[in-house]
Amino acid sequence: MKYIKIKFLYFLAILFFSMSLISCDKDDSKIEYGIPLIYMPQATYSYAANTCDYPVPAYSDGGESQQGNAVANYTIDKSAGEGKELINIYLGVSRSGMEAFKSYSVDLIVDNDTVMKAMQKGLFANGVLLEKNAYTIPSRITVPDGKNSASFFLTLDKAILSADSRYAGKKLILAIKIQNPSRYKINTSLATTMIIVSNWENLK
């Protein structure tokens with residue numbers, strides 16, 4: 001009888017242990033994995049072995065060689081009429097991790113210092129830094145509750161570009177950086193996108 005009682009208690013111990021494992025599995029499935037960090041998806045693009053360089057137009061072969069399929073990373077806006085054309089380049093922000101998606105905002109900053117340092121190292125051959133009057137971007141972007149990302153445009157005015165001889169036949173370079181988040185932290189390795197616009201005169 002004593003042997004049966006011990007055996008029964010042993011059985012209960014195994015049963016409770018198994019139930020605790022099942023319970024742990026259920027809890028694990030509810031864990032919000034990953035660190036919530038804000039970043040620019042375009043900064044993950046790797047062109048000419050330089051991460052954060054974002055060519056416009058872009059091609060599926062990873063650059064501007066036109067050997068791959070074109071990637072629709074810009075549009076031409078002619079809605080203003082009178083021959084006016086705007087180049088709208090798609091950019092955005094996103095948030096990593098599986099934590100519940102809550103609203104957040106970040107500032108959008110033009111980072112000319114990064115461009116100038118790269119040019120001093122001999123990067124961006126035939127490239128020219130865009131002047132402030134040639135482009136527009138929002139100063140801040142907000143991602144609403146329930147979403148992890150939002151997009152915005154870097155807009156270039158072809159009329160202004162055409163009127164300035166410095167841009168003729170050149171690659172147009174601009175770096176955009178995110179900072180000052182209202183919530184979460186920024187992934188600093190993917191916080192800056194270096195936009196490189198080639199053959200802008202013929203973009204259609």
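Starting from 1, each residue takes its place in the sequence as its number. The figures that follow rest on heavy atoms only: side chains count, while hydrogens, waters and symmetry mates do not.
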With side chains defined as the heavy atoms from C-beta onward, is the minimum distance between [X] and [Y] less than 4.5 Å?
X: Leu190; Y: Thr44; answer: yes
X: Ile173; Y: Met194; answer: yes
X: Ile89; Y: Leu156; answer: yes
X: Lys185; Y: Ile38; answer: no
X: Asn88; Y: Tyr74; answer: no
X: Val93; Y: Tyr104; answer: yes
X: Leu174; Y: Asn112; answer: yes

Nearest heavy-atom pair of [X] and [Y]: which atoms, and what distance?
X: Ala150; Y: Val143; value: CB-CG2, 3.7 Å
X: Ala134; Y: Ile160; value: CA-CG2, 4.0 Å
X: Asn73; Y: Pro55; value: ND2-O, 2.9 Å

- Message: Looking only at the side chains, is there a donor atom on one of Ser103 and Asp145 sitting less than 3.5 Å from an acceptor on the other?
- Response: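 No, no side-chain donor-acceptor contact under 3.5 Å.
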With a 3.5 Å cut-off and sequence neighbours excluded, list the donor-acceptor pairs that the side chains of residues 117-132 form with protein atoms.
| unit_1 | atom_1 | unit_2 | atom_2 | d |
| --- | --- | --- | --- | --- |
| Asn126 | OD1 | Lys170 | NZ | 3.4 |
| Asn126 | ND2 | Gly169 | O | 3.0 |

Are [X] and [Y] joined in one hydrophobic group, where the rule is that I, L, V, M, F, W and Y side chains link up if heavy atoms are under 4.5 Å apart?
X: Ile196; Y: Met116; value: yes
X: Ile141; Y: Ile109; value: no
X: Val197; Y: Phe152; value: yes
X: Leu172; Y: Val110; value: yes
X: Ile76; Y: Val56; value: yes

- Can Ile195 and Leu91 be said to form a side chain to side chain contact (heavy atoms under 4.5 Å, CB included), step by step? CA-CA 10 Å; Ile195 299 101; Leu91 297 168; 4.1 Å; yes
- Message: Using the rule given for side chain to side chain contact (heavy atoms under 4.5 Å, CB included), can you reason through Gln42 versus Tyr54, listing the C-alpha separation, both sets of side-chain angles and the distance that settles it, and then say yes or no?
- Response: CA-CA 6 Å; Gln42 291 75 24; Tyr54 185 61; 3.5 Å; yes
Got a second to check how far [X]'s [atom1] is from [Y]'s [atom2], nearest 0.5 Å?
X: Thr193; Y: Asp53; atom1: OG1; atom2: CG; value: 9.5 Å
X: Thr75; Y: Leu86; atom1: OG1; atom2: CG; value: 9.0 Å
X: Thr188; Y: Ile178; atom1: OG1; atom2: CD1; value: 10.0 Å
X: Arg140; Y: Ser182; atom1: CZ; atom2: OG; value: 5.5 Å
X: Met40; Y: Ser149; atom1: CE; atom2: OG; value: 12.5 Å
X: Lys158; Y: Ile87; atom1: NZ; atom2: CD1; value: 5.5 Å

- Query: Would you find a donor on one side and an acceptor on the other, under 3.5 Å apart, between the side chain of Trp200 and the backbone of Leu161?
  - Reply: no
- side-chain contact (heavy atoms from CB on, under 4.5 Å) with Pro138: of Leu108, Asp107, Thr155, only one passes, and it is Leu108
- Lys/Arg N to Asp/Glu carboxylate O, Asp157 vs Lys84, below 4.0 Å: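 A salt bridge is present here (some side-chain N lies under 4.0 Å from a carboxylate O).
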- Query: Does the ring center of Phe153 lie less than 6.0 Å from the ring center of Tyr90?
  - Reply: yes
- Between Arg95 and Tyr184, is NZ or CZ placed under 6.0 angstrom from the six-membered ring centre and within 45° of the ring axis?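 Satisfied, under 6.0 Å and within 45°.
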